[in-house]
Every structure is written in C-alpha cells, then in structure tokens.
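What you see below is based on every heavy atom in this structure, not just the backbone, and it leaves out hydrogens, waters and symmetry mates. This is a predicted model, so every value here is computed, not measured.
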Amino acid sequence: MNVKKVKVKSLAQELRWQLLIIAGILFVVSVFLSSLLTLNSIETTTRQLMLLDAESTVRAIQQNPSAVTSDGLTRSIYFSWGSIPIELRQLFSETGEKPNNTLGLMLEEKHKNAFAEDEFVYLYHHFEEGFGDLFIISFHNAEDITRVSDRFFLSTLQFALITTTVTFIILFFLIRWLFKRTSEPLKMLTDWATKLSSDKHASNKHVFPISELNLIAQQLQQGIDEIESCNRREQEFLRYASHELRTPLSIIQASLDTLEATAIDTQTKTLERA
C-alpha cells in the first residue's frame, strides 16, 4: 500500500503561502476590473462631452438663432431626423428610418470618406424642452480616434495599475501583520506545551490572549494531570505490593531453608523444587 507523503509546514508558512495566492488572484482580478473601468470611462467621458456639446449648441442657438453651429467638415447640426442627408442616415439605419431609442445615446459607425480614408461617424441625439430635437453628427479620422483612445486608455490604465499596486502593497503588509499577530498565540501555545514535561504547573504561569487557546491549554493540562495520577497510583501499588509480599516471601524462604537443613535425602528434590 502506497502511503502518500505529506509535506509538513508550519502555520506561518501555510498562512504566508495562502496570502501570496490570494494576493495574486486579487491583483489579476483588479487589473481586469481596472481595464473594464477604463473602457467604461472612455465611453462615459465621450458621451458626456457630446452632451456638453449639445447643451452648449442649444444655448448658443437660443441666444443667437443665426449663430454658426456647423462647420460642414467635422461637425454638423440637424434639428430633425429627416433633415439629415440620406447617405448619413443609411449609415445608422439601412432603410434610412430613424432607429428606436436613440435619445441620449451616442451611435458610432465606420466608413470610407471622400479621400478613401477610414473615418468614424458619431451621431448624438439630444432633446430639450422648449427647443426640441437636436442631432449632432461629427466626423473623425479613424487613425486619430485610435491614437487618442489608446493614449487615454493607457494613461487611465497606468493610473489604475499604480493605484491598485500601491493599495495591494499596503493591504499585503497589513494582512501579513494580522496573520503574524494571529499566529503568535499559537506559537506561544506550542512553546508552552513543550514545557509541560519539565514544568508541571506551566499552565498556571501563563494566560494566552485568546480564550480558545486557554481552553486547549486547560484540556492538555487536565490530560497530563490524569496521566501523572495514573502513573502515581501504579507506582504506589507496586511499592505497597512489594512491601506486602516481601515479608511472607522472606518467611517462606527461611522456612524452606530450615526444612532443607533437616530434610532427608528423599525430600531434597521436593524442597529444591519448592
């Protein structure tokens, strides 16, 4: 039968190893969550900028209806879905019909511009009481969007990683200190248990800071006291038995010696056997 070998480790080593595993898992999860948070931050920031642009445009038009709100190249303003050129509408809807639930959303599509370059087209639908609908369409070169997005993503992710790393380092040493404080009473119990054989009253000289350890120490002390009591009773029995048997054995031996001195030859073998 094969016996599986078990690597024996101290409690401190086991806690340290588990702490490293937990820290590694949490760090990976934190990096993953930081990446998701960064992507969500990019989307939220872009949407909020579009909302700010829409609100600023509404204010400008309300203050000056003849204000220029479109440049015709990178940004166009429309006050109804039907006023948007059909080629732009078909980017967001194959039939050219207005998509459902576009209010407050930023729609993104990619196409080739007049220079055969990849271009992102963004549509933002805004509505305000007393003003009505407002559709903002912006055009941006795909390479510019990718470069800006990557730079923003890396910057945000780098900040998140630095913050996460510093936080985890602090938490690691804090938890390590807590584990050390937790394992110290167990080491005290181990040291106390090794002294029981030499100091029978060790439990009376030390009180552990954890009540459960005091209960364990009390049970260990009770077990040792019971063993010592059994040994003491056994020794007393042997001492008493030795004392009680010594006298009759001596009398029997003396009697046999006397009989041997007076016995005849035919009785010698019987006395020797006795």
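The residues Arg147 and Asp150 are annotated as not salt-bridged, no charged nitrogen and carboxylate oxygen being separated by less than 4.0 angstrom.
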- Message: Does Phe79 form a side chain to side chain contact (heavy atoms under 4.5 Å, CB included) with Ile84? I'd like the steps, not just the answer.
- Response: CA-CA 9 Å; Phe79 301 102; Ile84 301 175; over 6 Å; no

- Given side chain to side chain contact (heavy atoms under 4.5 Å, CB included), test Ser83 with Trp81 step by step and report yes or no. CA-CA 5 Å; Ser83 63; Trp81 176 258; over 6 Å; no

- Task: Kindly determine whether Asp118 and Lys110 satisfy side chain to side chain contact (heavy atoms under 4.5 Å, CB included), including the steps that lead there.
- Result: CA-CA 7 Å; Asp118 289 332; Lys110 186 177 181 180; 3.7 Å; yes

- Item | Test side chain to side chain contact (heavy atoms under 4.5 Å, CB included) applied to Gln90 and Ile86, step by step | CA-CA 6 Å; Gln90 289 178 343; Ile86 184 63; 3.7 Å; yes

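Atom CD of Glu234 and atom CZ of Arg239 lie 12.0 Å apart (nearest 0.5 Å). For the atom pair OG1 of Thr44 and CG of Leu49, the computed distance is 10.5 Å after rounding to the nearest 0.5 Å. Rounded to the nearest 0.5 Å, atoms CD1 (Ile137) and CG (Leu91) are 8.5 Å apart. Interatomic distance, OG of Ser155 versus CD of Gln158, reported as 6.5 Å (0.5 Å rounding). Interatomic distance, Leu33 CG to Leu26 CG, rounded to the nearest 0.5 Å: 10.0 Å.
Following chains of ILVMFWY side-chain contacts shorter than 4.5 Å, one can reach Ile25 starting from Phe32, so the two form part of one hydrophobic cluster. In this structure, Ile136 is a member of the same hydrophobic cluster as Phe131, with clusters built from ILVMFWY side-chain heavy atoms closer than 4.5 Å. A single hydrophobic cluster is not seen to contain both Leu174 and Val166; linkage of ILVMFWY side chains at heavy-atom distances under 4.5 Å, directly or through other members, places them apart.
For the pair Thr167 (side chain) and Thr163 (backbone), a donor-acceptor distance under 3.5 Å is present. Although no hydrogens or angles enter the test, the distance criterion places no donor-acceptor pair under 3.5 Å between the side chain of Ser93 and the main chain of Arg89.
Minimum heavy-atom separation, Lys98 to Phe135: CE-CZ, 4.0 Å. What you find for Trp192 and Ala217 is that their closest heavy atoms are CH2-O, 3.2 Å.
When the shell of 6.0 Å around CG of Asn101 is examined, it contains 12 or fewer heavy atoms from other residues, nucleotides or ligands.
The shortest distance between side-chain heavy atoms of Glu119 and His111 falls below 4.5 Å. Proximity of Gln48 to Leu52: side-chain heavy atoms (C-beta onward) are nowhere separated by under 4.5 Å.
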Do any side-chain atoms of residues 120-128 form donor-acceptor pairs under 3.5 angstrom with protein atoms, and if so which ones, sequence neighbours left out?
from: Tyr122; atom 1: OH; to: Glu108; atom 2: OE2; distance (Å): 2.9
from: His125; atom 1: ND1; to: Thr102; atom 2: OG1; distance (Å): 2.9
from: His125; atom 1: NE2; to: Asp133; atom 2: OD1; distance (Å): 3.0
from: His126; atom 1: NE2; to: Glu128; atom 2: OE1; distance (Å): 3.3
from: Glu128; atom 1: OE2; to: Arg59; atom 2: NH1; distance (Å): 2.8
from: Glu128; atom 1: OE2; to: Arg59; atom 2: NH2; distance (Å): 3.2

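A donor-acceptor contact closer than 3.5 angstrom links the side chains of Ser229 and Arg233.
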